[in-house]
Amino acid sequence: MQCMKKLSVVVAVISLSYAQAAAHAGAITVYTALEEDEIAAYLKAANAAMPDVKVNVLRLSTGDLGARLIAEAANPQQDVIWGFAVSNMLDPRLQSLLEPYAAKGIDALPAQYKSPDNKWFAATGYVAAFCVNTDRLKSKNLPMPTSWEDLAKPVYKGEIVIPSPAASGTGYLQIVALLQGLGNDKGWALLKDLDKNVAQYTPSGSRPCKMARAGEYAIGVSFAFPAMQSIEEGFPVKMVIPKQWVGYELEASGLMKTAKNPADAKRFLDWTLSAQAGGLYSKYKELVTIPGAAPNKAAEAAGLPKDLTAVLYPVDFQKSAAQRDATIKTWQDTIKR
């Protein structure tokens with residue numbers, strides 16, 4: 001019953017957005033999986049750049065957003081998909097909903113950050129990282145982990161929190177890199193050993209880091225930005241980029257074929273590749289694909305490598321997308337949580 005009430009509220013919000021859109025010719029509806037704090041900053045700038053466009057946003061976690069997009073495929077409710085994991089965006093069921101559009105600035109993006117048919121582009125991305133609470137580590141006399149294999153050691157039992165790959169894009173990118181890098185047999189064996197030490201799986205990719213920095217657990221397996229943010233804010237956190245199998249994800253955006261306001265939807269997508277947007281991304285992202293974007297000072301202070309391409313595992317995103325449902329089902333059947 002609680003879930004049905006929540007759904008009703010979401011539907012009501014969307015209905016309200018469309019009622020407002022009827023009175024506001026420049027309204028667009030955007031679905032996104034970006035984090036709430038960055039959405040607020042981006043929209044403030046976008047509204048200043050396009051004051052005649054009202055941007056209605058529905059934010060869901062990656063897994064929930066993917067399910068919603070597929071459920072609404074026969075009657076899409078959005079004009080734009082914004083900042084959505086490319087491993088999800090490449091699902092053929094979603095690709096069929098997208099309209100090719102060469103946003104202004106897309107020509108400057110390297111080929112790996114956009115689709116050949118212009119159905120999506122990725123201005124940002126995120127990278128797997130461990131958030132380690134140094135105070136808790138010291139109080140429990142635990143060694144500093146440096147690899148995925150370290151996390152599977154019995155000494156860390158009950159001290160690790162990880163995002164669920166069934167709900168979180170961060171959780172999925174983490175296991176994809178392990179499975180592609182180690183192969184299925186060794187990859188699943190490592191994940192089963194790691195599971196013995198996991199206190200809980202969260203629906204949010206940033207939540208494990210926040211729990212670790214609060215001292216609830218020693219290690220939050222997350223992505224780099226919340227680790228960088230935690231260090232900048234003075235929490236006793238060390239960011240660890242694992243020695244191998246460093247997964248990453250691109251955050252893709254695209255135009256819907258059924259966009260009710262395609263002109264303003266295109267303007268919004270143009271803005272997401274603008275120099276103004278690129279300057280904002282560097283405050284929230286460890287991976288910005290727009291050439292010339294300023295480096296993230298918090299990333300440097302936290303020890304993130306300047307050349308991320310040197311440490312990232314070369315994820316096959318097409319394979320990741322094609323095997324997504326089967327991989328998540330195997331994870332659910334194997335981990336049983």
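The figures here come from the full heavy-atom set of this structure, side chains too, leaving out hydrogens, waters and symmetry mates. Positions are given from 1, in the same order as the sequence printed here.
Within 6.0 Å of CD in E300 there are 12 or fewer heavy atoms belonging to other residues, nucleotides or ligands. Residue Q318 places its CD atom among 12 or fewer non-hydrogen atoms of other residues, nucleotides or ligands, all under 6.0 Å distant. Within a 6.0 Å sphere centred on CG of N141, heavy atoms belonging to other residues, nucleotides or ligands number 12 at most.
Here K192 does not pair with D333 in a salt bridge; the nearest charged N to carboxylate O distance is not below 4.0 Å.
Aromatic ring centres of Y101 and F121 lie farther apart than the 6.0 Å criterion allows.
Taking the ring-ring contact (aromatic ring centres under 6.0 Å, His included) definition, one finds that W188 meets it with nothing, sequence neighbours left out. Not counting sequence neighbours, the partners of Y201 by the ring-ring contact (aromatic ring centres under 6.0 Å, His included) test are W331. For K319, the side chain to side chain contact (heavy atoms under 4.5 Å, CB included) partners are Q180, D316, Q323, not counting sequence neighbours. Not counting sequence neighbours, the partners of N88 by the side chain to side chain contact (heavy atoms under 4.5 Å, CB included) test are T62, F84, A85, R324.
A continuous path of ILVMFWY side-chain contacts below 4.5 Å connects L191 to V246, so both sit in one hydrophobic cluster.
Residues I162 and L151 have side chains not in contact (no heavy-atom distance under 4.5 Å, counting atoms from C-beta outward).
Here the shortest heavy-atom pairing between E249 and S87 reads OE1-OG, 3.0 Å.
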Pairs of donor and acceptor atoms involving the side chains of residues 33-41, under 3.5 Å and at least two apart or interchain, shall be tabulated with distances.
unit_1 : atom_1 : unit_2 : atom_2 : d
E35    : OE1    : S206   : OG     : 3.4
E38    : OE1    : Y42    : OH     : 2.8
E38    : OE1    : K285   : NZ     : 3.1
E38    : OE2    : E35    : N      : 3.2
E38    : OE2    : K285   : NZ     : 3.1

Donor-acceptor contacts, no H, no angles, side chain residues 207-228, under 3.5 Å, sequence neighbours left out:
unit_1 : atom_1 : unit_2 : atom_2 : d
R213   : NH1    : S230   : OG     : 3.2
Y217   : OH     : Q200   : NE2    : 3.2
S222   : OG     : G205   : O      : 2.6

